[in-house]
Each structure stands twice: as structure tokens, then as C-alpha cells.
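To keep things clear, I will list the structure first and then write my remarks on it.
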Amino acid sequence: MDANILVVDDESEIADLVSVYLRGEGFTVFPCGTGTQALEIVNREHIDLAVLDVMLPDISGTTLCAEIRRTHQFPILMLTAKSEDTDKIAGLTVGADDYMTKPFSPLELVARVKAQLRRYTSYNGTERTEGEELNVHGLTINRSTHQCWLYDELLNLTPIEFDILWLLCANRGKVISAEELFETVWGEKYLDRNNTVMVHIRRLREKLREPGRDPKFIKTVWGVGYKVE
């Protein structure tokens, strides 16, 4: 798999270790130690995925993630030394697709990078399948073009957000549990107290301009899961 990976970590030992493993898989790696350097690389090079540390010397990784998300939709994986849910939620809220807590297994990181790239390239490269389109309450979602329109407005969705919305719309009327959503979209085992799905649903609702108390598109069935009616 040929791809350009941005690795941002001010701990050179970690950046070097991650770079060695990624290069061993055939990736081109752009390592750096600050958010400023990272933005310069993103503006100069074609980046397919970014691995961002939360703690950086100039700006935080979450701020960097939000800045990248203003103009780019490639997958972002956050690295954090903190295990609190609030830190993970912060990264996911500003646009990260996945996160890992330090210390981590380099082999697991490589596996997650590959999984994110497979999902991303399946909608942006030659792996696209025959066109499929769903229409729900003025929302049009096309699996072939990986585009989602709300009336006449094209929504800027990340690959993860698109997958969640497609799964819910394709199962219209059926309640999908957070566990099923996570294991289908992320392809990993769901663990208790995992807030990843909740954060992405909240971000999707914001992009759909959903009212807080009575959302039109994504309904919460308390204690069960989510559905699109």
C-alpha cells in the first residue's frame, strides 16, 4: 500500500520508531516535532494520513487536528499519553478518526493505519463499487461518489462519519446499537465505556444542523442505540 504518512511527535524516539515501522510497510513518512512544521508539510506535500501526538511544544494536537480539518479530510490518528475519556473525546470532536494511548504497540498502530487507509481509499480511488444512493428527509447520500447532500448543500464528512451515516440510513427504521456501529465501522471489538460512537454521532448531528432535543435524522433510543426513521 503506497501512501504518504505524516507523523507528528516531539519525542524523537517515538517518531523514529513509528517511522521505521511505517517505512517497513512501504509507506513514505514525513516526521516532525511541532504543529507548525506539520502544517507546513500538509500545505506542501500530498498527505494520505496523519499520526498526531496530543502534547506538542507549540500547539496542542487537538488544535492541530482542527486546523488540518479545515481544508483536508484524510484520516487522522491521535496519540495520547493520557487515558481520560475527556482527552479522547476532545480529539474525536475536532475531527480525529481514531486514537491510541501511550505506550502502544507499533504493530497495532500500523494495523490501524492500514485500516484507516483502506476505508479512505475505498471511497477515493479505484476500489469504488457500483453506485448506490439513499434519500432520507432531504438527505441524499451516495456511496459511489462518497458525497452527502442536505438539500442543496454538500456536507463535509470524514470517511468515518460517512460510514456511520450510511449504515444508519441503509438500515432505516432499525435501531443499531453503539456496539454494532463500532464493530461494523471500525472493524474492532467494542469495549465498555467506549465513547467513540457517541462523539461521532454528536459531530454528525452538528453537520446535519440537528436540533438538540428533537433531531430529525439520527434518533437516540435510550439504552438501545441509534436509528434513522
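Scope of the values below: all heavy atoms of this structure, side chains included, with no hydrogens, waters or symmetry mates.
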Please answer whether the main-chain N or O of [Y] pairs with a side-chain N or O of [X] as donor and acceptor at a distance below 3.5 Å.
{"X": "Asn142", "Y": "Glu133", "answer": "no"}
{"X": "Arg205", "Y": "Ile218", "answer": "yes"}
{"X": "Glu153", "Y": "Leu150", "answer": "no"}
{"X": "Ser19", "Y": "Ala15", "answer": "yes"}
{"X": "Lys207", "Y": "Asn156", "answer": "yes"}

Step by step, work out the side chain to side chain contact (heavy atoms under 4.5 Å, CB included) result for Thr184 and Tyr190. CA-CA 10 Å; Thr184 301; Tyr190 181 83; over 6 Å; no
Is it true that [X] and [Y] fall in one hydrophobic cluster, defined by side-chain heavy atoms closer than 4.5 Å?
{"X": "Leu49", "Y": "Leu107", "result": "yes"}
{"X": "Phe104", "Y": "Ile5", "result": "yes"}
{"X": "Phe30", "Y": "Leu56", "result": "yes"}
{"X": "Tyr99", "Y": "Val185", "result": "yes"}
{"X": "Ile41", "Y": "Ile76", "result": "yes"}

Would you name the heavy atoms of [X] and [Y] that are closest together and state the gap between them?
{"X": "Gly33", "Y": "Pro57", "value": "O-CD, 3.4 Å"}
{"X": "Leu139", "Y": "Cys169", "value": "CD2-SG, 4.2 Å"}
{"X": "Cys32", "Y": "Leu6", "value": "SG-CD1, 4.1 Å"}
{"X": "Ala178", "Y": "Val197", "value": "O-CG2, 3.6 Å"}
{"X": "Val8", "Y": "Ala38", "value": "CG2-CB, 3.6 Å"}
{"X": "Phe74", "Y": "Val42", "value": "CZ-CG2, 4.3 Å"}

[X]: which residues meet the salt bridge (charged side-chain N to carboxylate O under 4.0 Å, His left out) condition with it, sequence neighbours left out?
{"X": "Arg69", "answer": "Asp97"}
{"X": "Glu179", "answer": "none"}
{"X": "Lys216", "answer": "none"}

Quick one: pull up [atom1] in [X] and [atom2] in [Y] and give me the separation to the nearest 0.5 Å.
{"X": "Leu17", "Y": "Ile14", "atom1": "CG", "atom2": "CD1", "answer": "8.0 Å"}
{"X": "Leu52", "Y": "Thr62", "atom1": "CG", "atom2": "OG1", "answer": "10.0 Å"}
{"X": "Ile160", "Y": "Gln73", "atom1": "CD1", "atom2": "CD", "answer": "12.0 Å"}
{"X": "His200", "Y": "Leu157", "atom1": "NE2", "atom2": "CG", "answer": "11.0 Å"}
{"X": "Glu188", "Y": "Thr196", "atom1": "CD", "atom2": "OG1", "answer": "9.0 Å"}
{"X": "His72", "Y": "Ile47", "atom1": "NE2", "atom2": "CD1", "answer": "8.5 Å"}

Heavy-atom check, side chain of [X] versus side chain of [Y], under 4.5 Å:
{"X": "Phe162", "Y": "Ile141", "value": "yes"}
{"X": "Val113", "Y": "Gln116", "value": "no"}
{"X": "Met78", "Y": "Asp98", "value": "no"}
{"X": "Leu134", "Y": "Thr140", "value": "no"}
{"X": "Pro106", "Y": "Val18", "value": "no"}
{"X": "Met198", "Y": "Asn195", "value": "yes"}
{"X": "Val7", "Y": "Leu79", "value": "no"}
{"X": "Leu39", "Y": "Ile68", "value": "yes"}

Quick one: salt bridge (charged side-chain N to carboxylate O under 4.0 Å, His left out) pairs with a partner in residues 27-48, sequence neighbours left out? none
Salt bridge (charged side-chain N to carboxylate O under 4.0 Å, His left out) contacts in which one or both residues fall within residues 49-58, not counting sequence neighbours: Asp53-Lys102
What pairs with [X] under side-chain hydrogen bond (donor to acceptor under 3.5 Å, both in side chains), at least two apart in sequence or on another chain?
{"X": "Glu67", "value": "Arg70"}
{"X": "Arg172", "value": "none"}
{"X": "Lys174", "value": "none"}
{"X": "Glu229", "value": "none"}

Does Lys189 pair with Glu183 as a salt bridge, N-O distance under 4.0 Å? yes
Thinking salt bridges, do Arg202 and Glu210 make one under a 4.0 Å N-O criterion? no
Please list, chain by chain and in numerical order, all residues satisfying ring-ring contact (aromatic ring centres under 6.0 Å, His included) with Tyr226, sequence neighbours excluded. none
Whether the Thr36 and Thr34 side chains hold a donor-acceptor pair (N or O, under 3.5 Å, no angle test) is what I'd like checked.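 Distance-only check fails for Thr36 and Thr34.
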What I want to check is whether the side chains of Arg112 and Ser105 have a donor and an acceptor closer together than 3.5 Å.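 Per modelled atom types, Arg112 and Ser105 side chains form no pair under 3.5 Å.
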Test question: given the 4.5 Å side-chain rule for I, L, V, M, F, W and Y, name all other residues clustered with Val20, or answer none.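 None; Val20 is a cluster of one.
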How does the hydrophobic cluster around Val175 look, that is, which other residues are in it when side-chain heavy atoms under 4.5 Å mark a link?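 Taking Ile, Leu, Val, Met, Phe, Trp and Tyr as members, Val175 shares its hydrophobic cluster with Val221, Val224.
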Given Lys114 and Leu117, is the side chain to side chain contact (heavy atoms under 4.5 Å, CB included) satisfied, shown in steps? CA-CA 5 Å; Lys114 288 182 175 180; Leu117 285 172; 5.7 Å; no
Taking the six-membered ring for Trp, are the ring centroids of His146 and Trp166 within less than 6.0 Å of each other?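 No.
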